[in-house]
Amino acid sequence: MREHGKAEHANDPVPAPKIIEEPELDASLFRRKLMTWYRSHARELPWRGVNDPYRTWVSEVMLQQTRVAAVIEHYERFLQRFPSMLALALAPEPEVLAAWSGLGYYRRARMLHRAAKFVTSELGGVLPDTSTALRTLPGIGEYTAAAIASIAFGESIAVVDGNVERVLLRLTGLPEENSATARAFVREQAAMLVPRRRVAPQHNAAGDHNQAMMELGATICLPRSPLCLHCPVYSMCKTRGEHLTQPRVVQRSQPAAYLLSLRKSGTATEVLLEQRDAKASLMAGMYELPPLPQDALEGREPILRLRHSITNTNYYVQVFAARGPQDRGLRKAVPAAKADLHWTRTSKLNSVPLTGLARKVLQRLDVMAVQPLQMPDESIAESSQARF
DNA sequence: AACCCGTGGAA
DNA sequence: TTTCCAAGGGT
């Protein structure tokens, strides 16, 4: 079970799950209320109403543990770069990672790529159309299989993500609990609510219902301060927005420092990057600015400070510039092996698998242009030449 | 089953 | 400043 909830309840004892003796949810009434609300309140999202299962798949993988706003920033650009299953399958992995840069959980991109290659070579390039078959592909777990099967293919199967779980726990009054039985209960409730079959061939009831459940959790039944007065199923809800939650992991803070070193190569500008170890657990093989030890920083002023969070750690990052050939001090302080350091043309940074932090720093310092989304009519987007 | 994997907006 | 946690999956 994902962790989310209310701090004020974090230390309360979690009572044992009680057997539900109360009358069950009226599934039919619930569905009607939910869908009436959804039809007038659904957000317009780039992956809504698409007919291409490949696109649905990409959106669902991007959305795993990732906010809608973050996905919106990458979805269209990723699909412009890899418009089809085949295009993705034929691409080199670093290109895929480069397009994924900033989204995090880079294993998702690697698995998506691997699955695309498998579907292309073994399944004739056709994505399986059942949740059971989808489930066997790398990067497609229980949630994603059900999401693609219901949304893209109309299969009657319920999704259970963090939103659906929270909605159902509040609706039924079951406390958040990290146990197989609690999870099974939630899955049961979700399955009970999903429409059994298509009303009409064109109308995807299960897919719409699943998206409506998630939409309700994402926009009304919020983790903190739920908007119960706007909830379409308020009258059917046991808790009206309160439910016990599990304690959270404590956050940590840590300083970090990186080197920005630029040089000219003819008319081009190059930036010094370091490739992370291929066996690193975190962002293996990706590129970042060379990290600097804290003791190399005395008496120097950073050209940029920012916060960067990774899992449970807030990094307070400082970036230091090596200005010109005379400043060898900082360069000498880089502990990396020479083999891991690479002078990279700033004009090519968009196809380098940068870590999210490296990308953020390089863009903020105008070393790397923020690539504009190419519009259908536009002949050629402005070149991404850096200003240095 | 418990743990690991990224990120950043919002409060 | 620190905390919270998002359309999870793999091991």
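Residue numbers start from 1 in every chain, and the chains themselves are labelled A, B, ... in the order their sequence lines are given, proteins ahead of strands. Basis for what follows: all heavy atoms, side chains included, without hydrogens, waters or symmetry-related copies. Everything quoted here is computed from the prediction, not taken from an experiment.
A donor-acceptor contact under 3.5 angstrom links the side chains of A:Gln211 and A:Arg48, judged on distance only.
Side-chain contact between A:Met62 and A:Trp47: absent, with no pair of heavy atoms (C-beta onward) separated by less than 4.5 Å. Looking only at side-chain heavy atoms (C-beta outward), A:Arg108 and A:Leu103 come within less than 4.5 Å of each other.
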Under 4.0 Å protein heavy-atom contact, by nucleotide of nucleotides 3-11 of chain B - B base, S sugar-phosphate only: --BBBBBB-
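Against DNA chain B, the stretch residues 114-123 of chain A makes no heavy-atom approach under 4.0 Å.
Taking atom CG on A:Leu137 and atom C1' on C:dG10, their separation rounds to 15 Å, with Å as the unit. The distance between atom CD of A:Gln246 and atom P of B:dA2, rounded to the nearest whole Å, is 10 Å. Across the protein-nucleic acid pair, A:Arg252 atom CZ and C:dC5 atom C1' stand 18 Å apart, rounded to whole Å. Rounded to whole angstrom, the span from the CG atom of A:Asp161 across to the P atom of C:dA6 amounts to 9 Å. The distance between atom CZ of A:Arg166 and atom C1' of C:dC4, rounded to the nearest whole Å, is 12 Å.
The separation of B:dG6 from C:dC4, taken at their P atoms, amounts to 22 Å, rounded to a whole angstrom. Rounded to a whole angstrom, the distance from the C1' atom of C:dA6 to that of B:dC5 is 14 Å. Comparing B:dA11 with C:dA7, their P atoms sit 16 Å apart, to the nearest whole Å. For B:dG8 and C:dT1, the C1' atoms lie 15 Å apart once the distance is rounded to whole Å.
Relative to the six-membered ring of A:Tyr234, A:Arg240 meets both conditions, a distance below 6.0 Å and an angle of at most 45° to the axis.
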